[in-house]
K.L.:
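Quick one: structure below, then a few questions.
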Amino acid sequence: MTSLRSFNPALAKHFSAPLPKFQYSFKHLARRETCQAILDKLDLTKKYTQPGKLDIVDVFSGYGLFSTMINYELKPRKHVIIENIKANVGLWKEKIRILENSNANRENFVLYNRDGYNWDTYEDLISKDKLISPSFQSRDKIHDELLIIGNLSPTKYESLIAQWIMCCAYNNWLQKYGRVRMLCFVPTATAKKFMSGPAFGKRNKSSVKRDLFTNSKLVAITETEDTVVAEGSGYDPRLLFKDQPILIPSKGTLPTNSDFALLEIEPENIVATTAIEEHEHFMQNLFYSPSKKVKDQLPFIGPGALDDLAPHIPDEIMVKGIRELTKSDWELLFHVYDNWPFRPSLLDQMDFIHEDSRNF
Amino acid sequence: MHQFLEHLKLQDQEIKKSPSIHNKTFSEIIENEPESITDEQRRLRVWSSDYDPVTRSPFAKDVSHLQSLLEVLLTSKNFDRARKILEAIHPLLSEPHTFIFSVNKYLQTWSHDPSVHYGDLEQFFSTMEQRYGITANERTFAIILAKYISEDGPYISYLNRFSQSKKTQILSYIDVIGVEGLMKVFSDNSISIEDVPEDLVNLFREVRNELNDKETLISEPEYFNDDNTEVPTVDKDAESLRAVDSFGLKVIRHTLLGLREEADSKEIVSIIKQMEDGLGNQSWSDDEASKLDFFKVYKTLKTEEQREKFNSGLHSFNLTRQRRLEVRGADGAKEKWKHEFEEMQKRGALPLNKGLNAQLFQWYKNLLPYVKKEAEMCQKLMDGKVSKTDLSPDEKKLYKDREYYAPYMVLVPPEKMCVITILELLKLNSTGGIVDGMRAARALISVGKAVELEYKSQSLLKSEIKAFSKKVKSTNQWKRILSNKKNNIIENPDDSTDWSYTVYAKLGAVLTNLLLFVAKVPVKAHNPTTGKTITGSQPAFFHTYQFLNGQKLGVIKLHKEIIKQLAGRSLSNAVQPQLLPMLVAPREWHSYNDGGYLYSRSTLVRIKDSAETTAYLRKAADLGNLNEVYDGLNVLGKTPWTVNRRVFEIITRYWNSGEEFLDIPPIMEEPNLPEPLPVDAEPAQKFEYQRKLRSALNEAASLRSQRCDTNYKLEIARGFLGEKVFFPHNVDFRGRAYPISPHFNHLGNDLTRSLFLFWEGRELGERGLEWLKIHLANVYGVDKAPLNERVQFVNDNLENVFESARNPYDTDAWWKKAEKPWQALGVCFELEEAYKLENPTQYVSHIPIHQDGTCNGLQHYAALGGDIEGARQVNLLPADRPQDVYKYVASLVQKRIDAEAEEGNKYAVFLQDKITRKVVKQTVMTNVYGVTFVGATAQIKKQIDQYFSGEEDVADYARYLTMHVFNSIRELFEGAHLIQDWLGDAAKRVSKSVRIDYEDAKSNDGKPNHLSSVIWTTPLGLPCVQPYRISKNQLIKTNLQDISISDPFSASQVDARKQQAAFPPNFVHSLDATHMLMTAKACGDARLSFASVHDSYWTHAADVDHMNKEIRNQFVKLHSSNLVQELKEEFEKRYKNCLQVISISGEHPLAKEIKEVRRNNVKILGRAMTAADEIYLEKTRLEHLNSEDPEKVKIGKEMVTTVSVTEKYDLNSIVGTTKNFQILVPLTFPDIPAKGELDVEVVKESPYFFS
DNA sequence: CTATTTTCTACCGACAATATCACTAGATAATAA
DNA sequence: TGATTATCTAGTGATATAAGTAATAGAAAATAA
């Protein structure tokens, strides 16, 4: 094993202390070696060449080993730790205290004691508390002064990663500053789903959106316990082949034996339009029965959709299964849909359950 | 000991799984198939307690499937198949003797086949006898006898084989033998009156004297028509009512109710004619019978004799109409559509927004051929004319599916199924929280159920026709002759088998799918690219899915054009005619499933999914424990009502204006939607936008559904203007009574209630006039003053009252300011009419006067706890003025807050002047239902929201206030809370208990199963079973989509939390229900008109005093025994064979002792002990102890189990220390709270107890 | 066997998630003896 | 032909679905260490 070049020696003692007992269903990288391997693979110093200008927004860092190492590697101008879980806030206060004592926190960590789930947190971070003020960059390239790290490993935060991907499409949230790279720890199940390619059994709406709006890599995955992995129940094999993810040993996680994956998400250059919202519904309608063929699912697009749209769709697409559709297939379908005069309005398609709110 | 543990090891080997027959198709079932079923598998299981003689058959689901198949196959005369099914039933039965019911069913239907002779029947039965060892019952003999009779065999000698008592029993099966058959038998001289069942003596006499009135014989019962005869509609009326129609009030009367019967209207019209003299100068022509305002006529009658005659004539007329209504309702709807369709065609074009009915008829026409074809295919399949071999896999699936539902598809004529499908889908519009659509699962089930209902009505009608064959007198007359017969004469209550949910779903899916395919609606749209207007047609229904918190939900949506045409109206025909209010008194309740409507079955208790409840109920019914419940309900059902026409007209006028007025919502305008955002708006804004959008749509949907609901009510009311109507009632599982007819019933809101008048009138008298005034004061909102002040209030406002009645439309009319304005208006009319008389006390009043209990739940709690202070607050004690609980609680809260404000508490200071009765009311009310602190805080927050401008944290204030309200309530109703807590604790123990039964206790996760529901018996004998169990879902594949429904046959674990939370309110509600039924019975015996809304009791003004006396007497009677003590004793008996899990300190000597026992057992067992193992050993021990064999008893005494060691300890003393060691101990209940000093007798003197 | 995390939060009338796939056991068909 | 194995099937259980969670707080149940 090579040297741990990214490990901050000032924190050696801190990270040698006994591991925290409870993680609030968060999962973390617990080994310096693994983190180092991941950082090597990410090779971020090439991508953020002006260390003095990089800001890192680091959400739910928790235990924080990976955060401190990426920090040590990239030497950012500001590294904002967004945390509001009491135990973790304590941990980070401790870290910052240590760093301040040793070298006046030249790592530039800032603890922002707010809920990373809440959108207002980011709004206030920039507008009100002005901890960072990112520049607006052209959408021709990936933003090179801002990096988002998110530990979304609890399953309940799967919705957050889905929404962050949509922010890439709508150019809002932090993605309004440009195409900001995101490094996200997500549950294994989520990674398997979201990273599936066409025709893979786990292909779903989110993976299509990932295809359409981002360029994403599977950076690291945890070791699977059981050697026998049933066909289709693991990762998309093409993905494993393409991305060659780092294997995180099951004992190198906190808590041990937990499973998660690290994704590197680069937004594509997308122009936000209302059509995207319509396409979301379009996809949703087709994905009602993902194993069926396009021709079977077209009726769900709207009253009369089958008759009206079928003539404009090539036969080879019509007989494809929904999961088999590729990025270009989808784009073609979107085009046909956009030109359909009877396409239902967004309001009509809104899922809405009426609740009797009457009281005395 | 050792041996038992060894045995336990063996038990680990899995019990063989039982075959699942319930989803086999009719042709896959072969007789005797499950020979492999062992007695162990067949063994009857228990539900919640082995103390109760209520059992559960493990194959209930399969048996039910087979029985329904048997029935429908018999109906379609597939005797061979049916026989296979019949023989497949036997091995599944846990109680083999019940097999005779199925055999009889087969025998009876088979006997109607002309190719079968009585010899065949006897032959068949002896085969069955040999093969299955069954014994014939009287019904069996009756069936064979009937065949003898119909074939003119030696029936008398057949009958004479039996002893006299047996003969009598055989002859009591009228539904089998038929009236004609009985007449034949009775006319034989060898039959003496001693042989005749008591309730048929009338018939016997009639037969023997028959020569006397031959001329009354008519050729056939008047309703004995074929299905394809046209139902007459009255063009003229339809025409003249169209103006009203456009306002949204469609008329159901002439399609559903006014199925005009010349023959039957004759009688009533002639009666009216005879009375013409007494009616002034009005005159009536024949064809006006259907337009008669019977109530108006009735009111003018002067003498008791006249009234009796009129009522009797009307009854006979109505009986016919009621039959038609129930049996032919679907035809009426179709005829209406057809009529409108033809009108449209005559006039040429079909305008888009008009002619919904014509549109429906179009669908009907398009749908019919498909349904016919489907039915034909099903028929072919059943006849075995379809070869299965050369089908593609897809076709095979289809075939398999069809094979499942085919037997059910061929029962109801396709025409009817089409109408049913269309009606159901329209009726369900905007239900289940779906705007402009419905949940698919519900739609399919409803269509399937509607087909079943239709089938059952038809077959009931058929069997009635069989029983009263053609040659006898008019059915009405026979019914009168037989009216004193106790049992239902046309149906055997034993053999009602509901179709399974799988059948409902599959059948519904076929029909729905076809309708979705054919139903189109014309559309116009602009092509945005070309700018041209395109016309075409689009599907009227749209199958889709919605996501609810990430869960898929199948949905059927209606096309916007259809929605436009409905425009927030309801479809009058869509109300299932089988469930409208009745024109004749409902059939009396005789059994748990026998009573109510004439041709459709209702159950005494509304049951959700709980087969357990049904089992308990059935048992109670069999034991004759429910008679008092029947009595009470029958009183409610016998109360005749009519619609208050004057009030109705006023409502209609405001309704038609389409504007908001009092509680009438306005006609829907477009919802007020928020401004759309730019696409790249921040996520937070987008979600906020979604939220606003949702709440706007929600509001709009609420308004519209309210309007739609009111529309239903008004349309039904309109249909019944001038009619004499009745409401069949049944009860919820706690015994509270509800009218079965939905929408329009006296449980409704102010508007609905104002439409209700008693059909019978009663002269007011002095007291009645006073009560009438008090009632007005009550509905006006002056209900907290002493009675005399309330009277005074009305006297002071008499001019206002008269003015309101004379000019109800005045913008600021007095009645509009009432708390319940519509009912106030009704009383105003009544008072004004009364004062028109010289002596108002002589006025004959029809309006119901309400007497409401003050916080009825708390009244019962106070009586249970004997809590004097609590009792005073809810008017159990005599007082000069009524106590107002809410106000009192508010004052208590005020005191607390004042005190804290003194100390400078900022919440207190702010809230000090805002404590009103209204703020605390809801919380006090819901406190009885066990509202939690959080829930109450939400309520209070709503109340005080208005005082906040937005910045302050309302929630903190609400929480603060709630705390004080809770404490005040607790302080005031200390006794009630002790009872409440006791009930909750007892329920918790029961629902957390484990039965001493290895099979039950064993579960996958090692934790014991909790299978015991809280069950208690009301003082009237109604068993209440809390139906809260963790539901297991069952997936049904249909050709529209898969649907999941909770499996009603699963005996899953109880939902302990719900059991506990709901028991205290349920128990108290079961008491108030009991009180109501007792009062109903008493009032019924006194011949008062009586109605109730749970804790509000209604009668005529003149009878209020009488009723009030009964209310109090019955309350005292109810509470004369210590109900909580009795409950405890009942629980102790019922759950005596249960253990509970308690936690004790691991350091306690008992804990150590138990650990020791466990350790020893583990050594032998070779694996960890589970709770189930401990239970098994304890069970074995108890079995030995209770054994006859002294040797065994000895072994039992020597056994040491984890439970037996606890006997030495006083468990109550152990509880309390640090709890971390869980042990099993026998289930016990805490001591009941000490009863206070209150003597319930005092309520007899309390004027404001109910007022 | 403890500590943490999640769940749930007012009764009744009033009823509902569905698609897909991997896996199993049992049934059927096919095969080789 | 009888036995054995391959193949098929129905039934079961697990998982995904969407994509604000929370504006509240405290007990009880569930779950992980």
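Computed from a predicted model, the values in this text were never measured in an experiment. Chain letters run A, B, ... following the sequence lines, proteins first, then strands; residues in each count from 1. The figures here come from the full heavy-atom set of this structure, side chains too, leaving out hydrogens, waters and symmetry mates.
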K.L.:
Which residue lies toward the 5' end of DNA chain C, Ile607(B) or Gly550(B), if each is placed at its nearest nucleotide?
P.N.:
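In this pair, the answer is Ile607(B).
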
K.L.:
If pairing requires Watson-Crick or G-U wobble contacts with both distances under 3.5 Å, which nucleotide is the partner of dT4(C)?
P.N.:
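Partner of dT4(C): dA30(D).
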
K.L.:
Do Phe733(B) and Leu1022(B) come within less than 4.5 Å of each other through their side chains, counting heavy atoms only?
P.N.:
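In short, these two side chains do not touch, never coming nearer than 4.5 Å.
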
K.L.:
Does the base of dA19(D) carry an N or O that pairs as donor and acceptor with the side chain of Glu158(A) under 3.5 Å?
P.N.:
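Indeed there is one.
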
K.L.:
Is there aromatic stacking of Phe933(B) against dT9(C), centre distance under 5.5 Å, plane angle under 30°?
P.N.:
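Aromatic stack with dT9(C) absent for Phe933(B).
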
K.L.:
Test the Lys686(B)-Tyr170(A) pair against the cation-pi criterion, namely NZ or CZ under 6.0 angstrom from the six-membered ring centroid and within 45° of the ring axis.
P.N.:
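Lys686(B) over Tyr170(A) ring: yes.
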
K.L.:
Any chance the side chains of Arg734(B) and Asn1066(B) put a donor and an acceptor closer than 3.5 Å?
P.N.:
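Yes, side-chain donor-acceptor contact under 3.5 Å.
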
K.L.:
With both distances under 3.5 angstrom, what nucleotide forms a Watson-Crick or G-U wobble pair with dA19(D)?
P.N.:
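Base-paired to nothing in any strand shown.
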
K.L.:
Could you let me know what dT9(C) is paired to, Watson-Crick or G-U wobble, both distances under 3.5 Å, or none if it's on its own?
P.N.:
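Pairing partner: dA25(D).
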
K.L.:
Is a donor from one side chain sitting under 3.5 angstrom from an acceptor on the other, for His22(B) and Asp62(B)?
P.N.:
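Indeed, the side chains of His22(B) and Asp62(B) share at least one donor-acceptor pair under 3.5 Å.
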
K.L.:
Heavy atoms under 4.0 Å, any strand shown: does Arg203(A) hit a base, just sugar-phosphate, or nothing?
P.N.:
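The residue Arg203(A) makes no contact with any strand.
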
K.L.:
Can you find an N or O donor on one side and an acceptor on the other, under 3.5 Å apart, linking the side chain of Tyr157(A) with the base of dT21(D)?
P.N.:
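Flag set: donor-acceptor pair detected.
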
K.L.:
Taking the nucleotide of DNA chain C with the nearest heavy atom to each, does Val934(B) or Lys1037(B) sit closer to the 5' end?
P.N.:
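Closer to the 5' end of DNA chain C: Val934(B).
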
K.L.:
For Pro255(A) and for Asn549(B), find the nucleotide of DNA chain D with the closest heavy atom, then tell me which residue's nucleotide is more 5'.
P.N.:
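Nearest-nucleotide comparison on DNA chain D picks Asn549(B).
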
